Q: 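Before anything else, here's the structure in question.
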Amino acid sequence: MSRLVLGLGLTVVTASACVWYLPALADLRAGDDRPVFRRTAATACLTGWATAAAVALLVLVGTVWPVPGAVAVAGAAVTVVLRVRAGVQQRRERREIARRWVALGAPLEAPDHALRRRGGRARSAPRVARPQVVFAALVAVGTVAALALATLVVAAGPDSGRDWLVAAVAPAAVVSVFLTLAITCTRQARGTVPTRRP
């Protein structure tokens, strides 16, 4: 696949993703009218698609393959971190709202109505991501990112032993970073799981 085809394909996909990043931009512009977790999730969305646009530009201008690969991996890592943080913030905000309503003697359904008024999604029973799911998702993302980086490096045609060493070490480093992130986020998720009182 030529650089032109790949770059144009990424450009078209990024442009068509306006259905996601334009609402995210609106959430950021709304400021305090949106919950904190919504703004963090919007930042993650914008970061992800900005990374895609940057990779498309780097491919079109003809930079060496490791450069767009590194940008893609870094952008994916930041996006995942922000998205996980948004989930943690959402659970914290739900518990805080629930505590306030319980202190007022209101029924347990009240926090959902309060969250809906602030722009969040109301649910009859808030779902909490299991630590195992968080761990598996982050490891899967790291593996895909490592494979993508390895593909880009090999496609560049390594000539020397040093180039092949980079092709082997870089994906392993990416997997290690995402594995460390997965362990950290899993511990945070376990610490934020709400406990039910009898």
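All residue numbers in this chain count up from 1 along the given sequence. Side chains are part of it too, since the values below use all heavy atoms of this structure and drop only hydrogens, waters and symmetry mates. Remember, predicted model here, so these are calculated numbers, not experimental data.
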Q: Quick check: do R39 and D32 have side-chain heavy atoms less than 4.5 Å from each other?
A: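 Answer yes - side chains close enough.
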Q: Is W49 isolated, or which residues cluster with it under the ILVMFWY side-chain rule of less than 4.5 Å, directly or via members?
A: V13, V19, W20, Y21, L22, L25, L28, L46
Q: Using a 4.5 Å cut-off between side-chain heavy atoms of Ile, Leu, Val, Met, Phe, Trp and Tyr, which other residues end up in the same hydrophobic cluster as L82?
A: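 L82 shares its hydrophobic cluster with V78.
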Q: What's in the same ILVMFWY side-chain cluster as V61, cut-off under 4.5 Å, chained through other members?
A: L57
Q: Taking all non-hydrogen atoms of both residues into account, name the closest pair between T51 and G75 and its distance.
A: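 The answer is OG1-CA, 3.3 Å.
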Q: How close do T79 and A44 get, heavy atom to heavy atom, and via which atoms?
A: CG2-O, 3.3 Å
Q: Is the shortest distance from a Lys or Arg side-chain nitrogen in D27 or R34 to a carboxylate oxygen in the other one below 4.0 Å?
A: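 R34 and D27: salt-bridged.
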Q: If I compare all heavy atoms of A24 with all of A42, which pair ends up nearest, and what's the gap?
A: O-CB, 3.3 Å
Q: Among V71, T11, T14, V67, find the residue that satisfies the side-chain contact (heavy atoms from CB on, under 4.5 Å) test when tested with V55.
A: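 Of V71, T11, T14, V67, side-chain contact (heavy atoms from CB on, under 4.5 Å) with V55 is met by V71 alone.
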Q: Mark yes or no for whether T40, through its side chain, and A86, through its backbone, hold a donor-acceptor pair below 3.5 Å.
A: no
Q: Hey, could you give me the CZ/OG1 distance between R83 and T47, rounded to the nearest 0.5 Å?
A: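 Answer for the CZ-OG1 pair, R83 versus T47, is 12.0 Å.
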Q: Please determine if R100 and E96 form a salt bridge, counting it only when a charged side-chain N lies under 4.0 Å from a carboxylate O.
A: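 Result for this pair is yes, salt bridge flagged.
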Q: To the nearest 0.5 Å, what is the distance between CZ on F37 and CD on Q90?
A: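 Output value for this atom pair is 4.0 Å.
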